[in-house]
Amino acid sequence: MSASAKPPARSGAASAIGWVLTIGLNVVAPILTYNTLTEDRHWSEFSALLLSSAWPVLDTAITVAWRRKVDEFAMVTLVFMVITAVVSLVGAHTARALLVKDSSVTGLFGLLCLTTLLAPRPLMFYFGRKFATDGTPASTAWWNDKWQYEGFRSTLRTMTLVWGVAYVAEALLRIALAYALPTKTMVTLSPVMIYGALGVLAVWTAWFGRRRAAEGERRQAEAAAVARAA
């Protein structure tokens, strides 16, 4: 497969089902379950988080049964819900402490990104495969095959590095602000910072990915021109 090879035609039905399962079972269902149990049923945070983590487990089970493979996105979501549940039990349970604990979870995600730079493939390789393919064998094989190209590897490692550094910095800033600002202010500011950082990183990732892809296509065109001339 050449560096410029296009992905196989995506299955609209497979993509739609995959997106519904991913967003519904890894994001929407855990949040709704947690909020319902803590606000309406008055469950403890730990118990609510523990039960909420069943949704990513269900997503993983469905993926294994449907596509005969483990979905890394659901596994990462599950790991961080478990980490969040454990963190919620540590230390004091004041409003400020909860804000600090919330910040530490995003900081741990940043550290995970940086740690995977030492692994054979960084975390963004698996996240990219989740959202750039429809999960079918053909599209998954296409994505996996791109790893042989140095430019592709460099791009994903750079993305992973930027996400890791950004989330560690964001977590440290929120922890500092949790002690510097009134708790009432941070309750409002904290989610703005979380989703603001995510939005900025998403926009940068899309821009950087397009830029690197264009550079790769230009280099390949230049090499082809040289080969024709020779």
Side-chain angles (χ1 to χ4, degrees), residues 22-23 26-35 38-39 44-53 55-56 71-119 121-128 130-131 155-209:
T22 296
I23 303 302
N26 289 280
V27 180
V28 178
I31 291 175
L32 290 178
T33 300
Y34 175 81
N35 289 339
T38 55
E39 295 175 7
S44 68
E45 289 184 337
F46 176 76
S47 299
L49 283 167
L50 191 61
L51 187 60
S52 298
S53 66
W55 294 109
D71 183 79
E72 295 85 359
F73 184 87
M75 291 301 296
V76 171
T77 302
L78 174 60
V79 167
F80 270 90
M81 295 196 74
V82 172
I83 290 175
T84 303
V86 173
V87 168
S88 69
L89 293 179
V90 178
H93 287 76
T94 63
R96 176 170 282 113
L98 290 176
L99 288 170
V100 171
K101 293 173 183 178
D102 185 48
S103 302
S104 67
V105 172
T106 57
L108 286 172
F109 175 76
L111 290 176
L112 176 62
C113 287
L114 297 177
T115 300
T116 61
L117 291 172
L118 303 176
R121 298 182 181 184
L123 187 61
M124 287 302 149
F125 172 84
Y126 301 104
F127 275 34
K130 177 68 177 179
F131 296 107
T155 297
L156 290 180
R157 288 190 174 116
T158 300
M159 288 178 176
T160 303
L161 175 64
V162 170
W163 278 70
V165 171
Y167 267 112
V168 169
E170 183 269 348
L172 292 175
L173 177 59
R174 276 201 294 137
I175 290 173
L177 291 177
Y179 288 100
L181 298 177
T183 300
K184 183 178 180 180
T185 301
M186 276 306 297
V187 168
T188 302
L189 182 59
S190 185
V192 172
M193 292 180 66
I194 293 173
Y195 292 109
L198 178 60
V200 170
L201 285 170
V203 171
W204 174 84
T205 299
W207 169 81
F208 185 70

Minimum heavy-atom separation for [X] and [Y], please, with both atom names.
X	Y	answer
Arg157	Pro122	CG-CG, 4.0 Å
Ala197	Glu170	CB-CG, 4.1 Å
Gly164	Cys113	CA-CB, 3.6 Å
Gly110	Val168	C-CG2, 3.8 Å
Trp55	Pro30	CD1-N, 3.8 Å
Ser103	Ile175	CB-CG1, 3.5 Å

Report yes if some heavy atom in the side chain of [X] is under 4.5 Å from a heavy atom in the side chain of [Y]; otherwise report no.
X	Y	result
Tyr179	Val100	yes
Tyr167	Leu201	yes
Trp163	Leu198	yes
Ile194	Arg174	yes

Can you tell me how far the [atom1] atom of [X] sits from the [atom2] atom of [Y], to the nearest 0.5 Å?
X	Y	atom1	atom2	answer
Leu111	Thr116	CG	OG1	11.0 Å
Leu117	Leu112	CG	CG	10.0 Å
Thr158	Phe208	OG1	CZ	4.5 Å
Tyr126	Thr160	OH	OG1	10.5 Å

Query raised in the report: Should Thr205 and Met124 be marked as a side chain to side chain contact (heavy atoms under 4.5 Å, CB included) after you check the CA-CA gap, both sets of side-chain angles, and the distance that decides it?
Result: CA-CA 10 Å; Thr205 299; Met124 287 302 149; over 6 Å; no

